[in-house]
Amino acid sequence: MPELPEVEITRRVLEPHITGRRIVALKVREPRLRWRVKDDLPAKLAGQRITGTARRAKYLLIRLEAGTLLVHLGMSGSLRILPAGTRRRAHDHYDLLLDSGNTLRFNDPRRFGSLHYTSDDPSRHPLLARLAPEPFDPKFDASYMWRITRRRRTPIKQVLMNSRLVVGVGNIYASEILFRALIRPRRQAQSLSREEVKRLAKEVRAVLEQALEAGGTTLRDFVAPDGELGYFSQSLYVYGRKECRACGTPVRHLTQQGRSSYYCPACQR
DNA sequence: ATGGGCACCTGGCTGC
DNA sequence: TGCAGCCAGGTGCCCA
């Protein structure tokens with residue numbers, strides 16, 4: 001479900017409901033997520049106050065007095081704030097009970113999501129340590145993009161999807177970013193010109209930022225924790241479309257690494 | 001070091 | 001109507 005904008009929206013909506021609250025209990029109903037939720041996690045969290053939230057790539061960080069929770073939504077995960085006692089639905093895997101009387105509830109049909117806890121600096125956690133710079137970090141610019149595309153023969157779409165090189169971009173936004181940078185998804189990374197690399201760096205930021213402002217992309221089931229539907233899907237040029245939204249040319253579909261890519265053969269080179 | 005393929009899951013839709 | 005087959009917004013890991 002979520003790429004960077006959807007995770008960031010989730011964070012922003014949850015933030016005022018959870019920061020400053022104390023965790024009464026963690027109730028895990030289904031520990032078999034992408035990685036098994038540790039049995040001793042409830043004991044570690046009980047009684048801790050939530051001091052804030054952050055995001056790194058597509059991981060949501062919930063800062064506690066003595067550590068940090070690392071939450072990943074996977075493909076189909078979502079978090080919601082609900083009044084205690086709200087009836088559970090299928091695929092509600094864990095609840096964080098708060099002293100406000102509310103519950104932070106995680107739902108994830110496919111169970112590709114995950115829940116980790118570290119009492120160390122979270123940036124040193126194995127899942128975060130090797131991630132690329134944030135797209136909104138000043139370090140992420142044309143010269144960074146130039147560096148990572150040199151001597152790589154891999155298709156540029158796979159560079160955008162590789163979290164050691166670029167974070168936050170998933171399958172939908174990868175196609176959209178390439179469309180707006182006027183670059184075809186199969187182009188070898190090293191074949192990009194200075195001009196193309198410059199456009200690419202700019203569009204990575206622009207697309208993520210605009211999707212964030214639009215409340216994310218709702219295709220089938222992304223709903224923010226407050227129930228709002230994102231409307232960025234109206235702004236998609238090629239992803240999942242029959243015709244290019246800019247010029248009307250039939251959109252081409254292909255499979256790369258088992259994932260769908262879309263591009264406009266007229267607009268993109 | 002890089003790149004490719006697989007694995008982990010469930011649900012919804014399509015087409016026979 | 002039933003059901004097989006395919007597809008879906010992610011990403012770590014193993015292997016060549």
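Residue A:Ser260 places at least one side-chain N or O closer than 4.0 Å to OP1 or OP2 of C:dA8. A close approach under 4.0 Å does not occur between any side-chain nitrogen or oxygen of A:Thr154 and OP1 or OP2 of B:dT2. Taking side-chain N and O atoms only, A:His72 has a distance below 4.0 Å to OP1 or OP2 of C:dT11. At B:dG3, one or more side-chain N or O atoms of A:Arg152 fall inside 4.0 Å of OP1 or OP2 (strictly under the cut-off). A:Arg259 has a side-chain polar atom (N or O) that falls below the 4.0 Å cut-off from OP1 or OP2 of C:dG10. The shortest distance between the side-chain N/O atoms of A:Gln158 and the OP1/OP2 oxygens of B:dG3 is not below 4.0 Å. The shortest distance between the side-chain N/O atoms of A:Ser163 and the OP1/OP2 oxygens of C:dG12 is below 4.0 Å.
Under a 4.0 Å N-O distance rule, the pair A:Glu65/A:Arg22 qualifies as a salt bridge.
When each of A:Gln256, A:Gln257, A:Lys157 is tested with A:Asn171 by the rule side chain to side chain donor-acceptor pair (under 3.5 Å), just one qualifies, namely A:Lys157.
Searching all strands for a Watson-Crick or G-U wobble partner of B:dG15 with both distances below 3.5 Å returns C:dC3.
Among the protein residues, A:Tyr59 comes within range of the sugar-phosphate backbone only, with heavy atoms under 4.0 Å from sugar or phosphate atoms but none that close to a base. Residue contacts shown for A:Arg111 are limited to sugar-phosphate atoms, with no base heavy atom under 4.0 Å away. Across all strands, A:Arg32 comes closer than 4.0 Å to no nucleic acid atom at all (heavy-atom distances).
Two residues are said to be in side-chain contact when any heavy atoms from C-beta on lie closer than 4.5 Å; A:Leu127 and A:Trp35 meet this criterion.
Proximity note for A:Arg110 (side chain, C-beta onward) versus C:dG10, B:dC9, B:dG11: the nearest is B:dC9.
Using atom P as the reference point in both C:dT11 and B:dA1, the two lie 23 Å apart (nearest Å).
Atom CZ in A:Arg56 sits roughly 17 Å away from atom P in C:dG10 (whole-Å rounding). At whole-Å resolution of the value, CZ in A:Arg34 and P in B:dC9 are 11 Å apart. Regarding A:Glu3, its CD atom lies at a distance of 5 Å from the P atom of C:dG10, rounded to whole Å. For the pair A:Leu60 CG and C:dG10 P, the computed distance is 16 Å after rounding to whole Å.
The side-chain tip of A:Arg34 does not point at the ring of A:Phe112 from less than 6.0 angstrom away and within 45° of straight on.
Once the 5.5 Å centre distance and the 30° plane angle are applied, the aromatic ring of A:Phe112 is found stacked with the base of B:dC8.
Here the two rings, on A:Phe232 and A:Tyr173, have centers that are under 6.0 Å apart.
In terms of position on DNA chain C, the residue among A:Gly258 and A:Trp35 whose nearest nucleotide sits closer to the 5' end is A:Gly258.
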